[in-house]
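Quick notes on the structure that follows.
Along the sequence shown, residues carry numbers from 1.
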Amino acid sequence: MSKLTTRHVYTSESVSEGHPDKVCDQISDAILDACLARDPRAHVACETLVTSNLTVNAGEITCKKWETVNPEQIARSVVKDIGYVKPNLGYSFDTFNYLCGLHAQSADINQGVSRERPEDQGAGDQGMMFGYASRATPELMPAPIILSHRLLERCAALRKSGEIAYLEPDSKAQVSVLHENGNPIAITTVVISHQTADVPLKRIQKDLKEVAIEVLRPTGLLTNTTEWYINPTGRFVIGGPQGDSGVTGRKIIVDTYGGVGSHGGGAFSGKDPSKVDRSAAYYARYAAKNIVAAGLAEKCEIQVAYAIGVAKPLSINISTYGTATVDEAIIAQVLAAGEIFDFRPAALIQDLGLTAPKGWSYRQTASYGHFGRKQFPWERTDRVEVLREACGLARKTKKR
């Protein structure tokens, strides 16, 4: 009996580094970077709010040498780097008003996290976190979210280089992909909404369509019937914090898998790695990606759950959506054993080097996705062979 062919269209969006929510994420993570550079054991929960001509920081921070951290200076530097340098946009690095409400972390929370033995460190909060991977793209990510990110990264590069000088920092992209039996086969729709100077719409549409074709053509997914919507309202001049307020942690689907799979609800930016809604989500991605890269499944989702102050996870669940090449129960047993992937907070933090980033920063995670970019340690596929052996599969023959 032949297998039934199934088709579906899935859509994901990305928002640029100049989107108000992403401005907030980057400021919060830049403050986190500054704290960890002074104190790898700093506890940080930093929130940012931006609106017209105003930036606000609030939250809890306990950090050695905190007096040497200047949150306002960090915020202005981040905003300048993003590209808000024109006072006429209603929000500029050198003119916004700044308020700071950062204070020390609650001792009640700290007693649940800190331990005499580092390996006994408790989870910084309760909750469940998810990691996901699939063979849909070379990055082992869903295609719609990766393509949306890449579009906006290219637009940002052209804006900053001056090649398309009329582009301003705020933008969104959305890509709809037709899948057949779970595999991407065509891009059905591309949407780009980009803040610009006051220039003719036809020029904007022509230029940005050319950019999108340049980015997307190598995928082989563009077709003659791909639909294009570029600045579909007809005008996008007022944008950024002048056009919409922003808050840290409001783009959790953009940050992860574009809506594919599940999400525990916890945001990432502004949180040190003792907060497992960030660090355990990274580690779950690490495990899921290695499972897929090892050929144990075509796609994989891992859920892990914690209680605040408790080191051992309450549960670890795996789903391969029926694509596993070995018994899914075997993969689950390997994960539960904790020998290849140890989900205790102190262990996973050490495993990924999350308190002392090398070659990457938390601010880098805060725009264009936390997953699918090779500079981050949770994107390594260095557990492939040991996973295959643990699941009873032979080693892969290395190509000569």
Side-chain angles (χ1 to χ4, degrees), residues 13-31 48-57 72-98 148-174 191-199 201 203-205 207-212 215 230-251 254-255 269-270 361-370 373:
E13 75 158 351
S14 177
V15 299
S16 72
E17 63 203 70
H19 184 282
D21 293 331
K22 281 291 146 200
V23 172
C24 294
D25 286 345
Q26 290 170 89
I27 292 172
S28 294
D29 270 341
I31 292 172
T48 305
L49 176 147
V50 297
T51 187
S52 180
N53 202 37
L54 177 66
T55 300
V56 180
N57 279 130
E72 179 178 354
Q73 185 180 65
I74 292 170
R76 293 191 187 278
S77 177
V78 169
V79 171
K80 181 180 180 180
D81 184 57
I82 290 169
Y84 285 109
V85 296
K86 302 173 185 177
N88 67 297
L89 292 180
Y91 184 79
S92 178
F93 81 99
D94 55 349
T95 61
F96 66 67
N97 297 312
Y98 179 79
S148 298
H149 287 324
R150 298 301 173 258
L151 273 179
L152 292 188
E153 284 183 296
R154 182 58 179 155
C155 288
L158 294 171
R159 170 176 62 86
K160 291 182 174 182
S161 71
E163 191 168 338
I164 305 183
Y166 62 77
L167 294 180
E168 302 294 0
D170 192 2
S171 61
K172 290 185 174 183
Q174 188 170 286
V191 182
I192 302 174
S193 294
H194 209 301
Q195 183 187 15
T196 68
D198 194 1
V199 299
L201 178 60
R203 178 183 175 189
I204 297 167
Q205 292 175 330
D207 290 347
L208 293 188
K209 184 175 180 180
E210 288 177 356
V211 172
V215 172
I230 297 175
N231 283 17
T233 68
R235 179 181 169 88
F236 185 7
V237 174
I238 299 172
Q242 171 73 354
D244 189 14
S245 62
V247 181
T248 299
R250 202 158 58 178
K251 288 292 177 283
V254 172
D255 285 344
S269 290
S361 69
Y362 282 101
R363 186 195 157 186
Q364 289 176 326
T365 69
S367 52
Y368 310 118
H370 292 247
R373 294 190 286 160

In short, Gln242 meets Ser52 closest at the heavy-atom pair OE1-OG, 2.5 Å
Quick one: does any side-chain atom of Asp25 pair with a main-chain N or O of Thr248 as donor and acceptor, under 3.5 Å? no
d(Asp81 CG, Arg363 CZ) to nearest 0.5 Å is 4.5 Å
Between the SG atom in Cys24 and the CG atom in Asn57, the distance rounded to the nearest 0.5 Å is 8.5 Å
**OP:** Check the side chains of Ser171 and Ser16 for a donor-acceptor pair under 3.5 angstrom, ignoring hydrogens and angles.
**Re:** yes
Sorted by chain and residue number, the ring-ring contact (aromatic ring centres under 6.0 Å, His included) partners of Tyr368 (sequence neighbours excluded) come out as none
Is there a side-chain contact between Lys209 and Ile230, using heavy atoms and a 4.5 Å cut-off? yes
In terms of heavy-atom contacts, Arg154 and Val211 come closest through CG-CG1, 3.7 Å
* In terms of heavy-atom contacts, does CD1 of Ile238 have more than 12 from other residues, nucleotides or ligands at under 6.0 Å? -> no
Note to self: What I want to find out is whether Lys22 reaches Asp170 closely enough, with some N-O distance under 4.0 Å, to be called a salt bridge.
What the structure shows: no
The side-chain hydrogen bond (donor to acceptor under 3.5 Å, both in side chains) partners of Gln195 (sequence neighbours excluded) come to none
In terms of heavy-atom contacts, Phe236 and His194 come closest through CD2-C, 3.2 Å
Is any side-chain heavy atom of Asp21 less than 4.5 Å from a side-chain heavy atom of Val15? no
Can you check whether Asp207 reaches Tyr166 side chain to side chain, under 4.5 Å on heavy atoms?
yes
Taking Asp94 for its side chain and Val85 for its backbone only, find out whether a donor-acceptor pair lies under 3.5 Å.
no
| Heavy-atom distance under 4.5 Å between the side chains of Ile164 and Arg159, does that happen here? | no
With sequence neighbours left out, the residues meeting side-chain hydrogen bond (donor to acceptor under 3.5 Å, both in side chains) with Gln364 are none
Minimal heavy-atom distance between Val79 and Ser92, with the atoms involved, is CG1-C, 4.4 Å
Exercise. Does the side chain of Asn53 reach to within under 4.5 Å of the side chain of Phe96, using non-hydrogen atoms?
Worked result: yes
CG of Leu167 to CD1 of Ile204, rounded to nearest 0.5 Å, is 8.0 Å
Determine yes or no for a side-chain-to-main-chain donor-acceptor pair under 3.5 angstrom, with Gln26 supplying the side chain and Glu17 the backbone.
yes
Interatomic distance, SG@Cys155 vs CG@Leu208, rounded to 0.5 Å, equals 5.5 Å
Sequence neighbours excluded, the answer for side-chain hydrogen bond (donor to acceptor under 3.5 Å, both in side chains) partners of Thr55 is Tyr91
So CD of Glu72 and CD1 of Ile27: to nearest 0.5 Å the spacing works out to 11.0 Å
Taking every heavy atom of Gly240 against every heavy atom of Tyr84, the minimum-distance pair comes out as CA-OH, 3.1 Å
Between His370 and Thr365 (side chain of the first, backbone of the second, donor and acceptor by atom type, cut-off under 3.5 Å), is there such a pair?
yes
Min side-chain heavy-atom separation Thr233-Ser193 under 4.5 Å: no
Of all heavy-atom pairs linking Gly270 and Ser28, the shortest is CA-CB, 3.7 Å
Any heavy-atom pair between the side chains of Tyr362 and Ile31 that's under 4.5 Å?
no
The salt bridge (Lys or Arg N to Asp or Glu O under 4.0 Å) partners of Asp198 (sequence neighbours excluded) come to Arg235
The side-chain hydrogen bond (donor to acceptor under 3.5 Å, both in side chains) partners of Glu168 (sequence neighbours excluded) come to Lys86
Check: Ser245 and Pro20 side chains under 4.5 Å, non-hydrogen atoms: no
